[in-house]
Amino acid sequence: MRGNRETRIFFSTELLGWYERSKRDLPWRRHRDPYYIWVSEIMLQQTRVDTVIPYFQRFIERFPTIRDLAEAPEEDVLKCWEGLGYYSRARNLQAAARQVMERHGGTVPDNKAEVSALKGVGPYTTGAILSIAFNRPEPAVDGNVMRVLSRYFLIEEDVAKVGTRTLMEELAAELIPEGRASDFNQALMELGALVCTPKSPQCLICPVMARCAGRLEGAEERLPVKSKAKPPRPEYRLAALVEGGGALAGRVLVRRRPDTGLLARMWELPHIPADAVPGEGAGLPDGPAMDRLAAALAAAGVPARPGGALLNAEHTFSHIHWNLRVFRFDAEIPMQAAGGGVSPAAVAETAAAYDAAGGAADSAARLPANAGPAADDTAAEYRWITREDMDNLAFPNVFLRILNGYFGS
DNA sequence: AACACGGGGGA
DNA sequence: TCCCCAGTGTT
């Protein structure tokens, strides 16, 4: 055990007192509804409080109960999560809501085995739900907690290591005052968020500075010790903004990503990989680039005429850095079926379907499936959308920016 | 144990 | 602009 008894008692007592005085008024703290706690904890994974607040309020308004969430179309849940990132959190949350309906009659379970069995709920969130919602004496060790504990107890172990988290959990459990798990765990995270910050910690206003070993050692700025993550690998992509003509005038071609992997089931502009040439954008002169993109579009059943480069865009994931060069295209009615593509009649039929449906987003007027091998690495569901359709489809931020710029907002 | 998985904020 | 943040699931 780290620290002597007095040091630990001091820590827990002062921290609880500080929390009572300075805790923030957050939407999920206004009730002790386990569903609210659960949703907030999932949203707070990898995401700061200020970002989460508006999402949480919209989410609870749209899905007030676990049953509402379980019964909603996945598309709606994803749309509610748009912009928040790590979209598997949303899909897992809904899957878990369905688990709770089936296994627990719609009530969040209050024991470790059943909580941790929920999709998207790992060791941290299990502890957060059990302690915050049910006041069970379980540790909830997130990045804030590891930072606070590593400083206060001068723990030099690499917090990126699994074993270090286990050590922190044992320590955090030991520190929970009798009957105060909910407040204590929230206090620990609150201190990490407001005072014991990653950079420039506010030691002078810290309630436990007097006995903080890291501070006394002058080590607070270099703790916690953390091994470096690998830098994201660059990827270069050619994207197409295809404008419809005729019955599809005012519409833009988008497609849905595959069911698994990066940005699963979200919508995007069609794009293809390009070879990297450092310093040259997509690494290809615009002419050949548009030719390759046109060929890929034709193979997907959308013959289109290149209209020049529109803009460059970048997007950084935790592990990939996208460099996109976006080209404008005009869809054209093919004079002959090409590349396993589409007949003029099929294009006319597509347009007619939109006319009949009034262009409704859910008309799902799909292009004929591409029978040949895919010219790129993504899914084959395409849709011609208007600006209004964007209200119902979830896009990653980079495409949201491009489309909003195009539609002029 | 290593990798996949977004987006936002602060220096 | 660059750097940092960091839970869960999959392999």
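Computed from a predicted model, the values in this text were never measured in an experiment. Any value given below was found using the heavy atoms of this structure, including those in side chains, with hydrogens, waters and symmetry copies removed. Below, read A as the first sequence line, B as the second, and so on, with proteins coming before strands; counting in each chain starts at 1.
The NZ atom of A:K161 sits 7 Å away from the P atom of B:dA2 (whole-angstrom rounding). A straight line from NE2 of A:H321 to P of B:dA4 spans 17 Å, rounded to a whole angstrom. As rounded to whole Å, 19 Å separates atom P of C:dT10 from atom OH of A:Y87. To the nearest angstrom, P of C:dC4 lies 17 Å from CZ of A:R222. One interatomic measurement links the two molecules: CG of A:L400 to C1' of B:dG7, which rounds to 12 Å at whole-angstrom precision. The CG atom of A:L84 sits 14 Å away from the P atom of C:dG7 (whole-angstrom rounding). Taking atom CZ of A:R48 as the reference point, atom C1' of B:dG6 lies 15 Å away to the nearest angstrom. Note: CG (A:N92) to P (B:dC5) measures 13 Å, nearest angstrom.
Distances shown here put a side-chain N or O of A:K226 below 4.0 Å from the OP1 or OP2 atom of C:dC5. Remark: A:N144 is not in phosphate contact with C:dC5, judged by side-chain N or O atoms under 4.0 Å from OP1 or OP2. A sub-4.0 Å separation between OP1 or OP2 of B:dG7 and a side-chain N or O of A:H315 is present.
Cation-pi geometry between A:R2 and A:F153 is not met: the NZ or CZ atom fails to fall both under 6.0 Å from the ring centre and inside 45° of the normal. Relative to the six-membered ring of A:Y55, A:R58 meets both conditions, a distance below 6.0 Å and an angle of at most 45° to the axis.
Residues A:N397 and A:I320 each lie close to DNA chain B; by heavy-atom proximity, the contact nearer the 5' end of the strand is made by A:I320. The residue among A:S200 and A:S88 whose nearest nucleotide of DNA chain B lies closer to the 5′ end is A:S88.
Between C:dG7, B:dG7, B:dA4, one nucleotide has an atom nearer to the side chain of A:H319 than all others, and that is B:dA4. The side chain of A:Q45 has C:dT8 as its nearest neighbour among C:dT8, B:dG7, B:dG9. Side chain of A:Y124, nearest nucleotide from B:dG8, B:dG6, C:dG7: C:dG7. With distances taken from any side-chain atom of A:P396 to the nucleotides B:dG7, B:dG9, C:dG7, the minimum falls on B:dG7. Checked against B:dA11, C:dA6, B:dG8, the side chain of A:Y86 finds its nearest nucleotide in C:dA6. When distances run from any side-chain atom of A:P198 to the nucleotides B:dG6, B:dG8, C:dC5, the shortest one goes to C:dC5.
B:dG6 and C:dT11 are spaced 15 Å apart, taking the P atom of each and rounding to whole Å. Spacing between B:dA11 and C:dA6 at atom P, rounded to whole Å, works out to 15 Å. Between C:dC5 and B:dC5, the distance separating the two P atoms is 22 Å to the nearest Å.
As judged by a 4.0 angstrom heavy-atom cut-off over every strand, A:R401 is placed among residues making no nucleic acid contact. At the heavy-atom level, A:V121 lies under 4.0 Å from the strands shown only through sugar-phosphate atoms. Among the atoms of the strands shown, none is found under 4.0 Å from any heavy atom of A:L44. Within 4.0 Å (heavy atoms only), A:D142 reaches sugar-phosphate atoms of the nucleic acid but no base atom. Residue A:T51 is classed as a sugar-phosphate contact, given heavy-atom separations below 4.0 Å to backbone atoms only. A:T125 comes within contact range of the sugar-phosphate backbone alone, with a heavy-atom separation under 4.0 Å but no base atom that close.
In the interface, the side chain of A:Q46 is not paired with the base of B:dG6 through any donor and acceptor atom under 3.5 Å apart.
None of A:V115, A:D33, A:V108 except one satisfies the side chain to side chain contact (heavy atoms under 4.5 Å, CB included) rule with A:W38; the exception is A:V108.
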Open item on the list: Quick one, A:D158 with A:T164, criterion side chain to side chain donor-acceptor pair (under 3.5 Å). Give me CA distance, side-chain angles, the key distance, then yes/no.
Closed with: CA-CA 7 Å; A:D158 182 354; A:T164 308; over 6 Å; no
- [ ] Start with the C-alpha distance between A:N92 and A:R89, add both sets of side-chain angles, then the distance that settles side chain to side chain donor-acceptor pair (under 3.5 Å), and finish with yes or no.
- [x] CA-CA 5 Å; A:N92 286 336; A:R89 292 185 295 172; over 6 Å; no
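In this structure, A:D76 pairs ionically with A:R62, as a charged nitrogen and a carboxylate oxygen lie closer than 4.0 Å. With salt bridges taken as basic N to acidic carboxylate O contacts below 4.0 Å, one links A:R328 and A:D330.
Counting heavy atoms of neighbouring residues, nucleotides and ligands inside a 6.0 Å radius, atom NZ of A:K79 exceeds 12 of them. Within 6.0 Å of the CD atom in A:E217, the count of heavy atoms belonging to other residues, nucleotides or ligands does not exceed 12.
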- [ ] Can you run through DNA chain B from 5' to 3' and write each base as (, ), [, ], | or . depending on how it pairs? Watson-Crick or G-U wobble, both distances under 3.5 Å.
- [x] |||||.|||||
